[in-house]
Amino acid sequence: MSADDLHKWGKTERGPRSVYFRTFGCQMNVHDSERMRGLLSRDGITAVDSPHDADIIIINTCSVREKPEEKTYSEIGRYRRLKEKKEGLVIGVTGCVAQQKGEEIVRRFPYVDLVLGTKNVGAISNIISEIVSGKKPIVKTEFHDNNCIEPFEPFPRDPDNYTAFVTVIQGCNNFCSYCIVPYVRGREMSRPSTDITDEIKSLIDTGIVEITLLGQNVNSYSDPKNGLRFPELIRKISKIDGIYRIRFVTSHPKDMSDDLISCFKEIETLSSHIHLPVQSGSNKIIKMMNRGYTVEDYIDKIERLRSVRSDLAVTTDIIVGFPGEDVSDFEGTLSVMEKVEFDNAFSFKYSERPGTAAARLEDDVSPNEKSRRLEVVQDLQKRLTMKSNLKNIDSIYDVLATGLSIKDPEEITGRSDQNKIVNFKGTESAIGSVVPVKIKKAFNNSLWGEVIQP
Ligand code: 5AD
Ligand code: SF4
C-alpha cells in the first residue's frame with residue numbers, strides 16, 4: 001500500500017479514521033506520541049480521546065521501573081475484548097517495552113498487530129499502511145547507533161498548543177547503574193543545530209511561543225557537524241525572532257558547566273526553572289549509582305545557579321532504597337532536600353531493572369522500608385513545595401495562558417516562568433498570550449492570582 005492508499009484508507013464514509021494513544025512514562029514518550037499523532041494526521045487519521053471510538057490503538061510504553069512496565073501488560077490485555085468486537089481494529093505497542101521485548105509481545109498478546117521500537121517512531125505511517133493492506137503482525141525494533149539523529153520529517157503539531165517540545169538529543173551514555181534508558185534508547189545522538197533552529201522557526205510561524213528542548217541528557221549536547229555545545233545552542237535559539245520562553249529537560253549535574261550557568265545570567269528568555277536530578281544525598285550511594293558528582297558538587301552548582309538567577313525554581317528526582325542504602329544514607333537524602341529546598345521532586349522506590357549494573361547488587365532494602373522512606377520523602381517535599389509556593393504570594397509573574405482551568409471554566413490556567421501552574425479569572429481570549437498575574441493564594445500543586453492591568 002502506498003502513502004496515497006493510506007490516505008484513502010484514512011477517509012471513510014462515516015468520517016476520518018481515528019487513533020487513540022495511551023502514553024506511559026516520561027516527556028520523551030509524550031513527545032513520541034505527539035510525533036506519531038502528527039505524522040498520522042497527514043494521512044487523514046485523527047486523534048480521539050476514547051479507545052472505543054478508535055480504528056487504531058497505540059500503547060506507548062515505559063520500562064524505567066517495574067510498576068509502569070507491569071501496567072503496560074495489563075493495559076495491552078484490556079484491549080483484547082475490543083479487538084474481538086471490532087473487525088479491523090489495529091493494536092500497536094511502541095516505546096521502551098516494545099524496544100526491549102520485541103517479538104515476545106506478539107507471542108504473549110497474539111492480537112497485537114505492530115510492535116515499534118524507540119528508533120522507529122518515524123516509520124508509523126508506513127507500518128500502518130502495511131498492516132491495513134494485510135501484513136501482520138509487524139515487529140520493527142532496529143537500532144542503528146551512529147552519532148547523529150536521522151533527519152526528522154516535520155510533523156503537524158496540535159493547533160491548540162502554544163508550547164512545543166523539540167528534540168535536541170536522544171539516548172544516554174551515562175549508564176547510571178540503576179537505569180535501563182541507555183539499553184532501550186541507545187547511545188547519545190545529537191541533532192544538527194541547524195535542524196533544531198529550522199524546526200523552532202517553523203513552530204514559531206504556527207503560533208508556538210514557548211519551546212522545551214528535550215533529551216535524556218540535554219546538557220551533553222554536541223552538534224554532530226561542528227561540535228557546538230548546549231550553551232551555544234541556547235544562545236542561538238534565544239536569537240530567533242518571536243521566541244518568548246526557552247525551557248530544557250533533563251540535565252545531568254555533572255554536565256552543568258560554568259558556561260551553562262552563565263546562560264541563566266545572560267538570557268532573559270531562559271526559563272527560571274531547572275530540573276536537576278540529585279537521586280540521593282549520600283556520596284556512597286551516588287558513587288554506587290555511577291552518577292559522577294558528590295552532594296557537595298551538587299549543592300555548589302545550585303548555589304552558583306541561584307547566584308545568577310535568584311528566583312530559579314529547582315526540581316529534582318530522588319530514588320529511595322537503592323541497594324546498600326542504610327538509614328544514615330537516607331538521612332543524607334533528607335538533608336540535601338532541606339538544604340536545597342527543592343520546589344518540587346519526583347520520588348521513586350528503587351526498582352531493579354534486568355541487565356543494569358545495579359541488578360547485580362543485592363536489592364537489600366525491604367519493600368516495607370522502601371515504602372516508609374518514600375512516604376517520608378514525599379511528606380517532606382510537600383512541606384518544601386508549600387513553603388516555596390507561599391513565598392510567591394504578592395509577587396507578579398508573567399504567565400503563559402494555555403487553556404481553560406479544568407476545575408472552573410471561568411478561570412484560565414497557565415505556567416509561570418518557574419514552571420508553576422497558575423490559575424486566574426479571565427476569558428478565553430487570554431489563551432495563547434502572556435499575562436501578568438499577582439499571586440494571591442498558594443496551594444500544594446498550584447498558585448492562584450489576579451491579572452494586573454498594565
Ligand atoms: N528505579 C527507580 N527509579 C528509577 N529511575 C530511573 N531508573 C530507576 C530505577 N531503576 C528514576 C530516576 C530518573 C527518573 C526518570 O526515574 O530518578 O531520574
Ligand atoms: Fe538514566 Fe542516568 Fe541517563 Fe538519566 S542520565 S537516562 S538516569 S542513565
Side-chain angles (χ1 to χ4, degrees), residues 23-32 60-72 95-97 99-100 118 165 169-185 188 212 214-220 248-256 273-282 285-286 288-293 295 298 314-325 329-330 332-334 336-337 340 342 344-367 369-375 377-378 381:
T23 306
F24 293 90
C26 63
Q27 272 156 324
M28 206 73 62
N29 266 18
V30 173
H31 183 55
D32 281 345
N60 195 2
T61 62
C62 169
S63 57
V64 81
R65 285 172 296 279
E66 197 177 354
K67 221 162 120 194
E69 187 175 327
E70 284 308 318
K71 264 198 205 157
T72 295
C96 296
V97 179
Q99 181 64 49
Q100 219 185 350
T118 52
F165 291 123
I169 183 168
Q170 287 179 332
C172 186
N173 289 353
N174 289 323
F175 289 93
C176 300
S177 62
Y178 50 81
C179 187
I180 204 157
V181 165
Y183 306 93
V184 288
R185 292 217 175 235
E188 275 172 13
T212 302
L214 190 61
Q216 225 74 48
N217 195 10
V218 282
N219 50 350
S220 65
F248 57 84
V249 67
T250 292
S251 317
H252 195 300
K254 77 171 168 45
D255 298 319
M256 182 49 67
H273 168 230
I274 188 152
H275 184 68
L276 203 61
V278 66
Q279 311 295 5
S280 164
S282 148
I285 299 294
I286 293 174
M288 285 166 76
M289 288 176 163
N290 191 29
R291 292 284 290 172
Y293 53 84
V295 181
Y298 183 90
V314 182
T315 58
T316 201
D317 290 345
I318 288 170
I319 297 176
V320 299
F322 185 83
E325 184 188 76
D329 296 316
F330 176 61
T333 297
L334 301 179
V336 76
M337 290 173 71
V340 175
F342 290 112
N344 217 335
F346 298 98
S347 44
F348 312 101
K349 291 187 245 185
Y350 169 70
S351 159
E352 187 177 297
R353 301 285 61 211
T356 59
R360 293 198 294 270
L361 305 171
E362 191 194 342
D363 190 0
D364 57 358
V365 181
S366 72
E369 182 58 12
K370 281 184 190 163
S371 300
R372 186 193 71 82
R373 290 183 195 178
L374 187 70
E375 211 179 301
V377 162
Q378 292 183 341
Q381 187 53 52

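For ligands, and for the atoms within them, numbers begin at 1 and follow the listed sequence. Only heavy atoms go into these numbers, but all of them, side chains included; no hydrogens, no water, no symmetry mates. Quick caveat, the model's predicted, so the values are computed rather than measured.
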J.: Any chance the rings of F348 and F322 have centres within less than 6.0 Å?
T.: no
J.: Is the closest side-chain heavy-atom distance between K370 and R373 below 4.5 Å?
T.: no
J.: Any idea which atoms of ligand 1 are less than 4.0 Å away from a heavy-atom of Q279?
T.: 12 (C), 13 (C), 17 (O), 18 (O)
J.: May I ask you to decide if N29's main-chain N or O and N60's side chain share a donor-acceptor pair within less than 3.5 Å?
T.: yes
J.: For ligand 1, find out whether one of its N or O atoms is nearer than 3.5 Å to an N or O atom of Y178.
T.: yes
J.: Please indicate whether any nitrogen or oxygen in R65 is less than 3.5 Å from any nitrogen or oxygen in ligand 1.
T.: yes
J.: Consider side chain to side chain donor-acceptor pair (under 3.5 Å). Of R353, Q279, E352, which one does Y178 pass it with?
T.: Q279
J.: Under a 4.0 Å heavy-atom limit, does K349 contact ligand 1 with its side chain, its backbone, both, or neither?
T.: backbone
J.: Between H275 and H273, what is the ring plane arrangement, given parallel below 30°, perpendicular above 60°, and tilted in between?
T.: tilted
J.: Closer than 4.0 angstrom, basic N to acidic O: yes or no for K67 and E70?
T.: no
J.: Name the orientation class of the two ring planes belonging to H31 and F165 (parallel below 30°, tilted from 30 to 60°, perpendicular beyond 60°).
T.: perpendicular
J.: Using a strict 4.0 Å cut-off to heavy atoms of R353, name the atoms of ligand 1 that fall inside it.
T.: 10 (N)
J.: Give the contacting part of V64 toward ligand 1: side chain, backbone, both or neither, where contact means a heavy-atom distance below 4.0 Å.
T.: both
J.: Mind checking whether S351 has an N or O less than 3.5 Å away from an N or O of ligand 1?
T.: yes
J.: Which of the atoms of ligand 1 are close to Y350, meaning less than 4.0 Å from one of its heavy atoms?
T.: 1 (N), 2 (C)
J.: Side chain, backbone, both or neither: which part of F348 has a heavy atom under 4.0 Å from ligand 1?
T.: side chain
